[in-house]
Amino acid sequence: MVNSFFVFCGCVDQASVAVVEKWGRFVRLAEPGLHFFNPFAGECVAGSLTTRVQSLDVRVETKTKDNVFVQLICTIQYRVVKENADDAFYELQNPQQQIQAYVFDVVRAIVPRMNLDDLFEQKNDVAKSVLEELEKVMADYGYSIEHILMIDIIPDAAVRKAMNEINAAQRLQLASVYKGEAEKVLLVKKAEAEAEAKYLSGVGIAKQRQAITDGLRENILNFSHSVSGTSAKEVMDLIMVTQYFDTIKELGDGSKNTTVFIPHGPGHVKDISEQIRDGMMQASSSNV
């Protein structure tokens, strides 16, 4: 901006440049500072331009290759080249409108060749193309294009809703896959644990039966040696009867609301011992 103090002098503000004319014809550029003019010789300040970086937001509506209407919001940062400020002052009456027109032209030439997904992924390429085109054109008018930012891509509302639904469905599908894998792992681990538990239980039962067998054998041998005239069969019958009574006692002590009917009497005890012995002999013969 130019501040006039007297008729013959003026001051140009910092980050500005003034255009000096003489009898209506461009003479020179006045940089920031104090300048003297000769109005009697026809010198005057025609105007001034700022050399600061300026920003222009441009909203472009266009269609993609897959027939989706979108709005692109671009931010163009530009400035006047100090050395060519006269071109910027005289050549363009409305530089913002000129920049906007070129942005429309480039974006509407590139975006219709891209799908919507590609547009989101390659928005920086679109901004680069717009920057290259504007740099070539606006340099002739004394303007420098500093940066172009593609700050937003806004599809149609129905398309945004559909995209969100697709994304949600994909995430639910992925979650179902992970859930299925987790359930599979749990089932496998559970089956492995059950198999291991059954194996250990079988080993324990086998050891228990082996201990019982060893104990019975030792009792039979000790009893046979201690009491003369007794056979191994008689000792075995006696042990069976003892085990029978111990079992009845445990059922009576441990049962609460359960009633167990067991045949009792000397004859029944004999039958039970014979059944147990016959069962053991059959099991031994089948294993052989």
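Just so you know, residue 1 is the first one in the sequence shown, and it goes up from there.
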Got more than 12 heavy atoms from elsewhere within 6.0 Å of CD, Gln173?
no

Taking all non-hydrogen atoms of both residues into account, name the closest pair between Val70 and Pro155 and its distance.
CG1-CA, 3.8 Å

Can a side-chain donor-acceptor contact be found between Ser16 and Gln14 if the only test is distance below 3.5 angstrom?
no

Closest contact, heavy atoms only, Cys74 versus Val103
SG-CG1, 4.4 Å

Correct closest heavy-atom pair for Val12 and Ala30 would be CG1-O, 3.9 Å

Grouping I, L, V, M, F, W and Y whenever their side-chain heavy atoms are under 4.5 Å apart, do Leu92 and Leu29 come out in a common cluster?
yes

From Glu21 CD over to Phe37 CZ, what is the distance, rounded to the nearest 0.5 angstrom?
11.5 Å

Rounded to the nearest 0.5 Å, what's the gap from CG on Leu116 to CD1 on Ile153? Could you check?
8.0 Å

Audit row: Leu56, Val58, side chain to side chain contact (heavy atoms under 4.5 Å, CB included) steps and yes/no
CA-CA 6 Å; Leu56 174 65; Val58 180; 4.0 Å; yes

Judged by modelled atom types alone, do Thr75 and Asp57 share a side-chain donor-acceptor pair under 3.5 Å?
yes

Would you say CZ of Phe69 has more than 12 non-hydrogen atoms from neighbouring residues, nucleotides or ligands within 6.0 angstrom?
no

Around atom CD of Glu146, are there more than 12 heavy atoms from other residues, nucleotides or ligands closer than 6.0 Å?
yes

Using every non-hydrogen atom in the two residues, find where Val80 and Ala88 come nearest and quote the distance to one decimal.
CG1-CB, 4.0 Å

In the structure I gave you, are the side-chain heavy atoms of Thr62 and Pro112 within less than 4.5 Å of one another anywhere?
yes

Is there a path of hydrophobic side-chain contacts, each under 4.5 Å between heavy atoms, that joins Met138 and Leu131?
yes

Trace of the side chain to side chain contact (heavy atoms under 4.5 Å, CB included) decision for Lys128 with Glu132:
CA-CA 6 Å; Lys128 183 178 179 181; Glu132 292 174 352; 3.4 Å; yes

Go through the steps for Val126 and Met114 under the test side chain to side chain contact (heavy atoms under 4.5 Å, CB included), then give the verdict.
CA-CA 10 Å; Val126 177; Met114 305 171 64; 3.9 Å; yes

So which atom in Trp23 and which in Ala41 form the shortest heavy-atom distance, rounded to 0.1 Å?
NE1-O, 2.8 Å

Let's go through Ile154 and Arg59 carefully: what are the C-alpha distance in whole Å and the side-chain angles of both, what is the deciding distance for side chain to side chain contact (heavy atoms under 4.5 Å, CB included) to 0.1 Å, and is it a yes or a no?
CA-CA 10 Å; Ile154 307 175; Arg59 182 184 292 265; 4.1 Å; yes

Does Ala15 offer a backbone N or O that forms a donor-acceptor pair with the side chain of Thr51 under 3.5 Å?
yes

Quick one about Gln96 and Tyr78 (side-chain donor to acceptor, distance below 3.5 Å, no hydrogens or angles considered), yes or no?
yes

For residues Arg28 and Phe36, report the shortest heavy-atom separation together with the two atoms involved.
NH2-O, 3.7 Å

Same cluster for Val111 and Phe104 if Ile/Leu/Val/Met/Phe/Trp/Tyr side chains link at under 4.5 Å?
yes

Linking I/L/V/M/F/W/Y whenever any side-chain heavy atoms sit under 4.5 Å apart, do Tyr141 and Ile76 land together?
yes

To the nearest 0.5 angstrom, please state how far the CD1 atom of Ile110 sits from the OG1 atom of Thr64.
14.5 Å

So for atom CD, which belongs to Gln97, do other residues, nucleotides or ligands contribute more than 12 heavy atoms lying within a distance under 6.0 Å?
no

Can you tell me how far CG of Asn84 sits from CG of Leu49, rounded to the nearest 0.5 angstrom?
11.5 Å

Measuring from atom CG of Leu134 to atom CD1 of Ile148, what distance do you get when rounded to the nearest 0.5 angstrom?
4.5 Å

With Met150 as reference, evaluate Ile73, Asn124, Leu72 under the side chain to side chain contact (heavy atoms under 4.5 Å, CB included) test and give the passing residue.
Leu72

Nearest 0.5 Å, please: how far is CZ in Phe26 from CG in Asp86?
4.0 Å

State plainly whether one hydrophobic cluster holds both Ile151 and Val106, where clusters connect Ile, Leu, Val, Met, Phe, Trp and Tyr through side-chain heavy atoms under 4.5 angstrom apart.
no

Within the 4.5 Å heavy-atom criterion, are Lys63 and Arg108 side-chain neighbours or not?
no

